[in-house]
**Q** 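Encoded as structure tokens, here's the structure I'll be asking about.
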Number of protein chains: 2
Amino acid sequence: MTRAETSRKTRHEVLAEFRSGEILAAARRVFARRGYDAATLDEVAQEAGIAKGTLYLYFPSKEEIFWAAVRERMLELRQRAQSAMRQAEGIQARLRAAIAVRGELMRTDAEFMRIYLTEFGHLCAHPTRYRKPFRELYLAMARDLAEVLEAGMKSGELRPGPPLELALTLQFLLRDCFTARYMGVFADDGLNLENFVFELFWCGVRPQSARPHPAVKSAAPPRRLQKTR
Amino acid sequence: MTRAETSRKTRHEVLAEFRSGEILAAARRVFARRGYDAATLDEVAQEAGIAKGTLYLYFPSKEEIFWAAVRERMLELRQRAQSAMRQAEGIQARLRAAIAVRGELMRTDAEFMRIYLTEFGHLCAHPTRYRKPFRELYLAMARDLAEVLEAGMKSGELRPGPPLELALTLQFLLRDCFTARYMGVFADDGLNLENFVFELFWCGVRPQSARPHPAVKSAAPPRRLQKTR
DNA sequence: TATAAAAATGACTCACGGGTCAGTTTTATG
DNA sequence: CATAAAACTGACCCGTGAGTCATTTTTATA
């Protein structure tokens, strides 16, 4: 076997990869619509335009399909966040970059977002085969952030605190605020979510100057409590 | 029918209420262990020490049992939070009181906490019969908090900002941090969760004095990144 | 104690969906 | 084109669990 042959993917492998990708995309749509438990593999197969049996040529079980669909996106997210943070300079810019990458994903991949938002609790808490790898990936992203925070604390740009816990907190805030926006609880306009989260994380709510919370457009007065919607 | 008769509960009603309570408590234990979907009514009945058919004398469906079990505790939580906030004086004390009440529930009712943490996403997002009332109750609690925040903004104790969004954010933070603690991701010692959340919400992470983040015990140095556990 | 009403029971039904596999179609090869 | 291998199909199998109801047990009453 030549070098070229070992490094190049065979026609079969390329096709298999393509098909897997299609299946995972279809799966994300269905899991987003129904949630993990209510989703059926019949529906996933239909969505992917193949027969149910074919799913089992590419994946061994429903659980594996789900986890593969989620992992794919999480790995991408981590990659992008890492490189965005590396490119930025200074603690503020790095945090904003990390936030922006997550915001970007939320905006562009509604299916993944919905899965992430609704299944997060189960992903973390219930003893499925994929709980451990999920936690590890989630924690790894938090650790990437925590390194930035820790560097900021050393340089004096941040006040000292527990870096990993603060990093997790920031990840939580982002997920939650996007959930809330998605659910229609957060105002749809006049509130830049990424800015809102950054500002809160950075400054908190107490008054330190006459400057208003920058999440509010200066034109608009502080919003009044809104009715349920 | 005399006045006394209309206001007093009959023996039958008292017993029925007691039995319902037992069922809901058993249901909370089972839903906490298994999650909504994996929980079976056979197990709930066994846990309650009754036959499955008996469940249906008190509740019409699995969904209703679940929602009744959750609602009961959420209503209690709201009551307690309201009265705690009313008793406290000043914005700081009121926020701390609201946090303390939630922390207290998390500490004393592990079953409810686990349900709340793991099913939150589904509760919010999926079109079940109980989604709307759940959202309303959750939002109502946020609005209670938001009123306090808004008063603080008017009095200048807080910088201006969107009150409902900030209130929701605080609720999110609390749930998430308790989830993290519960999952063993947050440090088990040296980190007072209620204090940590309050401080972050109040001050953010940027340096404003030499004072370290009070969430860290002064004796302990800032914690290093920890390995997955 | 006799008897009727209320409460409780648990075996049963039935729809559902994950997973299988014998049979069919497509593709690769000589 | 012939033939074998690979890919795909979907009807079927089977465990599961929500919800039912004929029967039994308990309670209230006269």
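All heavy atoms count here, side chains included; hydrogens, waters and symmetry mates do not. A note on names: the letters A, B, ... follow the listed sequences, proteins ahead of strands, and every chain is numbered from 1.
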**Q** Any side-chain donor-acceptor pair under 3.5 Å between B:R175 and B:Y116?
**A**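 There is no such pair (donor and acceptor under 3.5 Å, judged by atom type) between the side chains of B:R175 and B:Y116.
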
**Q** What is the separation between atom CZ on B:F59 and atom P on D:dT20, rounded to the nearest whole Å?
**A** 16 Å

**Q** Report the nucleotide, chosen from D:dG17, D:dA7, C:dG18, that has the shortest atom-to-atom distance to any side-chain atom of A:Y58.
**A** D:dA7

**Q** Would you call B:E43 and B:R33 a salt bridge, using N to O less than 4.0 angstrom?
**A**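 A salt bridge is present here (some side-chain N lies under 4.0 Å from a carboxylate O).
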
**Q** Nearest-Å distance, CG (A:L55) to P (C:dT20)?
**A**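 The distance from CG of A:L55 to P of C:dT20 comes to 12 Å, rounded to the nearest Å.
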
**Q** Out of C:dA7, C:dT9, C:dG18, which has the shortest distance to the side chain of B:T54?
**A**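 So the nucleotide nearest the side chain must be C:dT9.
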
**Q** Select base, sugar-phosphate, or nothing to describe what B:A39 touches, counting heavy atoms under 4.0 Å on all strands.
**A**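 Answer is sugar-phosphate: B:A39 comes under 4.0 Å of backbone atoms only.
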
**Q** Just the rounded figure in Å: distance from C1' of D:dT9 to CZ of A:R19.
**A** 12 Å

**Q** Find the distance A:E43:CD to C:dG18:C1' and express it as a whole number of Å.
**A**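 These atoms are roughly 15 Å apart.
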
**Q** Send over the distance from B:Y56 OH to D:dC21 C1', rounded to a whole Å.
**A**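 One finds 13 Å between C1' of D:dC21 and OH of B:Y56, rounded.
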
**Q** Ignoring the backbone of B:L41, work out which of C:dT9, D:dG19, D:dT9 is nearest its side chain.
**A** D:dG19

**Q** Considering only side-chain heavy atoms of A:K62, which listed nucleotide, C:dG18, D:dG10, C:dG10, is closest?
**A**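 When the side chain of A:K62 is considered, C:dG18 is the closest of C:dG18, D:dG10, C:dG10.
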
**Q** Could you tell me whether A:R129 and A:E63 have a side-chain N and a carboxylate O separated by less than 4.0 Å?
**A**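 A salt bridge links A:R129 with A:E63.
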
**Q** Quick check against the 3.5 Å criterion: does B:R73 have a side-chain atom that pairs as donor or acceptor with the backbone of B:F112?
**A**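 No; judged by distance alone, with no hydrogens or angles, the pair does not exist.
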
**Q** Strictly below 4.0 Å, N to O, side chains only: are B:E72 and B:R28 in salt-bridge contact?
**A**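 Result for this pair is yes, salt bridge flagged.
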
**Q** Of the candidate nucleotides C:dA7, C:dG10, D:dA18, which contains the atom at the shortest distance from the side chain of B:L57?
**A** C:dA7

**Q** What is the distance, rounded to the nearest whole Å, between atom NZ of B:K52 and atom P of D:dT20?
**A** 10 Å

**Q** Nearest whole angstrom, please: distance from the P of C:dT26 to the CD1 of A:I50.
**A** 16 Å

**Q** Specify the separation, in whole Å, of atom CZ of B:R34 and atom P of D:dT16.
**A** 13 Å

**Q** Between A:E63 and B:G53, name the one whose nearest nucleotide on DNA chain C is closer to the 5' end.
**A**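 The residue closer to the strand's 5' end, by nearest nucleotide, is B:G53.
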
